[in-house]
Amino acid sequence: MNNATTLEILVWVVLPYVVLTIFVLGHLWRFRYDRFGWTTRSSQIYESKLLSIGSPLFHYGIIGIFFGHVVGLGIPKSWTEAIGLREEWYHLMAVTIGLAAAAACVGGLLILIYRRRTNSRVFGATTPGDKLMYLVLAATIGFGVLATIAHSALGHYDYREGVSVWFRDFWTFQPNPALMSEAPIFFQLHILSALALFAIWPFTRLVHVFATPLGYLTRPYIVYRSKDEKTSAPRRGWEKIDY
Ligand code: HEM
């Protein structure tokens, strides 16, 4: 970190830790003071046709991208080389699977934004916070795709020797800002927009990511049964009225 400028340290060391703090404390605050607002604020009741296409497409895409990031950022290059996975094969796999997931994610997001903008009832249920979140989310995804296409697929930047090393060192409290200031522009923009997304995350509907209803897997069935007249006489005052 010796030769890094103050600006580089502020942007690629201080800012990410500030964002991490906002992310953690923001979620704790939201959970403490707005537990009932911890929801997707679903708009399915207003429109369900486009939602049933856009939402799964977006979510399957983003889940694929999440696992792509876990592998691309979390697993050092030396490990994949040690198990005999050649660089060209890794690269081909990452770009093809990554871009397929990105296509689903972008396609889904476009459908969701189109639906939100064109359906007046859905638009009416959209807050300024939602609009900001959509903008930052779209920027993060857009810059990620641009970085992959321009610098990884068509260019010669090996993010596993730059961005990924910076990312892992962040978690051991020794990030090297030079690795990020030397990264190509779309990678820098991708990570800056991701940081903005993480900073607003706890205050948006994105909190639903941490609300997986795992209890549904183990809870007993709920049996719905209508009461028929043979098994239950109407209670006094609730007798049927024949018109
Ligand atoms: C600090 C956090 C993040 C880092 C360090 C990071 C890093 C990267 C890197 C290195 C790539 C290039 C992969 C390649 O060339 O094969 C990439 C691509 C991408 N990222 Fe991120 N990313 C971050 C957060 C996010 C977030 C929060 C989102 C979405 C909400 C996202 C969405 C994408 C997309 C859509 C792509 C392109 C598709 C792909 O190849 O998988 N990233 N990111």
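A quick note: this is a predicted structure, and the numbers were derived from the prediction, not measured. Both counts, for ligands and for their atoms, begin at 1 and track the order of listing.
- H190 CE1, 3.3 Å is the protein heavy atom nearest to atom 31 (C) of ligand 1.
- Contacts between V95 and ligand 1, counted as non-hydrogen atom pairs separated by less than 4.0 Å, are absent for every part of the residue.
- Polar contact check, H69 against ligand 1: a nitrogen or oxygen pair lies under 3.5 Å apart.
- Nearest to atom 26 (C) of ligand 1 among the protein's heavy atoms is T140 CG2, 3.6 Å.
- Taking every heavy atom of I191 and a limit of under 4.0 angstrom, the matching atoms of ligand 1 come to 4 (C), 5 (C).
- Heavy atoms of F198 approach ligand 1 to within less than 4.0 angstrom.
- A salt bridge (charged side-chain N to carboxylate O under 4.0 Å, His left out) with E47 is found for exactly one of R116, R115, R121, R117, namely R115.
- In this pair, F186 and H151 present their aromatic rings tilted. The plane angle is within the 30 to 60° band.
- Each of the following atoms of ligand 1 lies closer than 4.0 Å to a heavy atom of S152: 14 (C), 15 (O).
- Here's the thing with T148: one of its N/O atoms is less than 3.5 angstrom from an N/O atom of ligand 1.
- Given atom 38 (C) of ligand 1, the protein heavy atom at minimum distance is A102 CB, 3.6 Å.
- Protein heavy atom closest to atom 39 (C) of ligand 1, with residue, atom name and distance, is G98 O, 3.7 Å.
- No side-chain donor-acceptor contact under 3.5 Å links E161 to the backbone of D158.
- Side chains of I141 and F58 form a contact here, defined as non-hydrogen atoms less than 4.5 Å apart.
- In terms of protein heavy-atom proximity, atom 35 (C) of ligand 1 is closest to I65 CD1, 3.4 Å.
- Environment of CZ in F67: sparse, with no more than 12 heavy atoms of neighbouring residues, nucleotides or ligands closer than 6.0 Å.
- In this structure, E8 contributes its side chain and A178 its backbone to no donor-acceptor pair below 3.5 Å.
- Salt bridge status for R160 with E87: present, with a side-chain N to carboxylate O gap under 4.0 Å.
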Carefully, step by step, assess Y90 and V71 under the rule side-chain contact (heavy atoms from CB on, under 4.5 Å).
-> CA-CA 11 Å; Y90 177 90; V71 175; 3.9 Å; yes
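- For the ligand labelled ligand 1, residue F187 lies inside the 4.0 Å heavy-atom shell.
- Contact annotation for L137 and ligand 1: only side-chain heavy atoms (C-beta onward) come within less than 4.0 Å of the ligand.
- The local environment of CH2 in W38 is crowded, with over 12 non-hydrogen atoms from other residues, nucleotides or ligands closer than 6.0 Å.
- Counting protein heavy atoms only, atom 10 (C) of ligand 1 is closest to Y159 CD1, 3.4 Å.
- With ligand atoms numbered from 1 in the order given, ligand 1 contributes 24 (C) to contacts under 4.0 Å with heavy atoms of A194.
- Taking the ring centroids of F170 and Y17, they lie under the 6.0 Å cut-off.
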